[in-house]
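Down below is the structure, laid out as structure tokens.
On a predicted model such as this, the values are computed, not experimentally measured, just so you know. Sequence positions, counted from 1, serve as the residue numbers for this chain.
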Amino acid sequence: MADNNTAPDYLGHRQRLRERFLLGGGRDMADYELLELLLTYALPRRDVKPMAKALVRRFGSFAGALNASREELSEIPGIKDSACTLFKIIVAAVERCSWQNLHEADLPILLTTDGLVDYCRAAIAFSEVEELHIIYLNSKLKVICQELMQKGTINTVAIHPREIIKSALIHKAGSIILVHNHPSGDVTPSKADVKVTQQVKEACASVSIRLLDHIIISQSDFYSFDQHGLLDDAQLAL
């Protein structure tokens, strides 16, 4: 007869995972191991290693699994609402931390490029459709707030210069940054991206607001119009 008091083998494995995480902060752990550790808190009475490995196979990475939709996650055998909720809490926490780091930075936005890209990636890089966000800045180039202006389709989003200017004036912004994502992963700006950027820049200039940058973001890359010199009048006109 089996000993009912014998603890399942996976309990000792979980404890070792936690000890490894506390020792190294997870830096030496594979993606599936970090997912496995998370799942132990959502599903405390199951062996979750097979689920963790299935998540990496299905979504490609730790970040891909965390940012998957509830419907996609539910396709993995054993994944419950508790795990989906935990993943979404972590995604929200990362976005909030990156935003607060950006918003509360003492330096002007031009000196915090890494923080800006981190926030943009956390906020919209994993969206399945294109989104246009505006980041508003004061006269000292410090962040005031951000706003989702428009959601589009998998390969396009409408950008209306008049609406952008109206919102910038409401927020009393001295400068703005456009941010939108390319779900395809290719951050190269299209001709339409370049044309509408020129229109927004001209509209901003008419009311003494500066367009600082237009950033296109993906899960693994980004494109800055400013860094590529595409906010110069001569380049935008090409």
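- Under a 3.5 Å cut-off, the side chain of Thr85 and the backbone N or O of Ser82 do not form any donor-acceptor pair.
- Ile154 and Met149 are members of different hydrophobic clusters when ILVMFWY side chains are connected at heavy-atom separations under 4.5 Å.
- For the pair Leu55 and Leu39, the minimum side-chain heavy-atom distance is below 4.5 Å.
- Taken together through direct or relayed side-chain contacts under 4.5 Å among Ile, Leu, Val, Met, Phe, Trp and Tyr, Ile89 and Phe59 form parts of separate hydrophobic clusters.
- Nearest heavy atom pair, residue Ile176 against residue Ala168, reads CG2-CB, 4.0 Å.
- The side-chain heavy atoms of Leu212 and Leu137, taken from C-beta on, include a pair separated by under 4.5 Å.
- Between the NZ atom of Lys80 and the OG atom of Ser74 there is a distance of 10.5 Å, given to the nearest 0.5 Å.
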Could you walk me through whether Glu19 and Leu23 pass the side-chain contact (heavy atoms from CB on, under 4.5 Å) test, one step at a time?
-> CA-CA 6 Å; Glu19 290 171 354; Leu23 184 63; over 6 Å; no
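- One finds a salt bridge joining Arg58 and Glu75 here, because a Lys/Arg side-chain nitrogen approaches an Asp/Glu carboxylate oxygen to under 4.0 Å.
- No donor-acceptor pair closer than 3.5 Å links the side chain of Glu95 to the backbone N or O of Ala92.
- Using a 4.5 Å cut-off between side-chain heavy atoms of Ile, Leu, Val, Met, Phe, Trp and Tyr, with links allowed through other members, Leu34 and Phe126 fall into different hydrophobic clusters.
- Separation of atoms CZ (Arg57) and OH (Tyr32) is listed at 11.5 Å; rounding is to 0.5 Å.
- Using a distance-only test at 3.5 Å, with no hydrogens or angles considered, no donor-acceptor pair links the side chain of Thr112 to the main chain of Gly115.
- Using a 4.5 Å cut-off on side-chain heavy atoms (C-beta onward), Thr40 and Val48 make contact.
- Across every non-hydrogen atom of Met51 and Pro77, the tightest pair is CG-O, 3.3 Å.
- The line from CG of Leu132 to CG of Leu148 is 8.0 Å long, rounded to the nearest 0.5 Å.
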Before giving the answer on salt bridge (charged side-chain N to carboxylate O under 4.0 Å, His left out), spell out for Arg70 and Asp81 the whole-Å C-alpha distance, their side-chain angles and the decisive distance to 0.1 Å.
-> CA-CA 8 Å; Arg70 183 179 295 270; Asp81 280 348; 3.3 Å; yes
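- In terms of modelled atom types and a separation under 3.5 Å, the side chain of Thr156 and the main chain of Thr153 share no donor-acceptor contact.
- A donor-acceptor distance shorter than 3.5 angstrom exists from the side chain of Asp213 to the backbone of Phe225, with no hydrogens or angles considered.
- Formation of a donor-acceptor pair under 3.5 Å by the His171 side chain with backbone atoms of Ser167 is found in this model.
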Audit row: Asn101, Ser98, side chain to side chain donor-acceptor pair (under 3.5 Å) steps and yes/no = CA-CA 5 Å; Asn101 288 338; Ser98 61; over 6 Å; no
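- Contact annotation: the side chain of Ile177 never approaches that of Gln146 to less than 4.5 Å [non-hydrogen atoms, C-beta and beyond].
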Could you please spell out the steps behind the side-chain contact (heavy atoms from CB on, under 4.5 Å) verdict for Ile144 and His103?
-> CA-CA 7 Å; Ile144 300 172; His103 184 262; 5.9 Å; no
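- Distance alone, capped at 3.5 Å, is enough to place a donor-acceptor pair between the Asn181 side chain and the Val129 backbone.
- Nearest heavy-atom pair across Glu33 and Asp28 is OE1-O, 4.4 Å.
- Counting heavy atoms from C-beta on, the side chains of Leu230 and Pro189 come closer than 4.5 Å.
- Using a 4.0 Å cut-off between a side-chain N of Lys or Arg and a carboxylate O of Asp or Glu, Glu36 and Lys53 do not qualify as a salt bridge.
- Side-chain contact between Glu130 and Lys151 is absent, with no heavy-atom pair separated by less than 4.5 Å.
- The side chain to side chain contact (heavy atoms under 4.5 Å, CB included) test with Val200 is passed by exactly one of Ile164, Ile165, Ile134, Ile209: Ile164.
- Within 6.0 Å of CD in Gln100 there are more than 12 heavy atoms belonging to other residues, nucleotides or ligands.
- One N or O on the side chain of Arg27 and one on the backbone of Gly24 form a donor-acceptor pair closer than 3.5 Å.
- The side-chain tip of Arg210 does not point at the ring of Tyr136 from less than 6.0 angstrom away and within 45° of straight on.
- Linking Ile, Leu, Val, Met, Phe, Trp and Tyr residues whenever their side-chain heavy atoms come within less than 4.5 Å places Ile159 and Val207 in a single cluster.
- Between the CG atom of Leu73 and the SG atom of Cys84 there is a distance of 4.5 Å, given to the nearest 0.5 Å.
- Judged purely by atom type and a 3.5 angstrom limit, Arg121 uses its side chain to pair as donor or acceptor with the backbone of Asp221.
- Residues Tyr119 and Ile217 fail the side-chain proximity criterion, which asks for heavy atoms closer than 4.5 Å.
- Taken from CZ in Phe87 to CG in Leu38, the straight-line distance is 6.0 Å, to the nearest 0.5 Å.
- Considering only heavy atoms from C-beta on, Glu104 stays 4.5 Å or farther from Trp99 through its side chain.
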Please step through side chain to side chain donor-acceptor pair (under 3.5 Å) for the pair Ser184 and Asp186, ending with a clear verdict.
-> CA-CA 6 Å; Ser184 68; Asp186 181 2; 5.6 Å; no
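- Atom CG in Leu43 sits 9.0 Å away from atom CG in Leu86 (nearest 0.5 Å).
- Closest heavy-atom contact between Pro44 and Arg14: O-NH1, 2.6 Å.
- The aromatic rings of His180 and His214 sit tilted relative to each other, their planes meeting at an angle between 30° and 60°.
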Leu116 and Ile135: side-chain contact (heavy atoms from CB on, under 4.5 Å), yes or no, with the steps?
-> CA-CA 10 Å; Leu116 175 60; Ile135 297 176; 3.5 Å; yes
In sequence, state the C-alpha distance, the side-chain angles, and the governing distance for Asp118 and Leu102, and then conclude on side-chain contact (heavy atoms from CB on, under 4.5 Å).
-> CA-CA 9 Å; Asp118 286 346; Leu102 183 66; over 6 Å; no
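- Of all heavy-atom pairs between Ser127 and Glu131, the closest is OG-OE2, 3.0 Å.
- Panel note: side chain Lys142, backbone Leu107; no donor-acceptor pair is recorded below 3.5 Å.
- Ala83 approaches Ile79 most closely through the heavy-atom pair CB-CG2, 4.1 Å.
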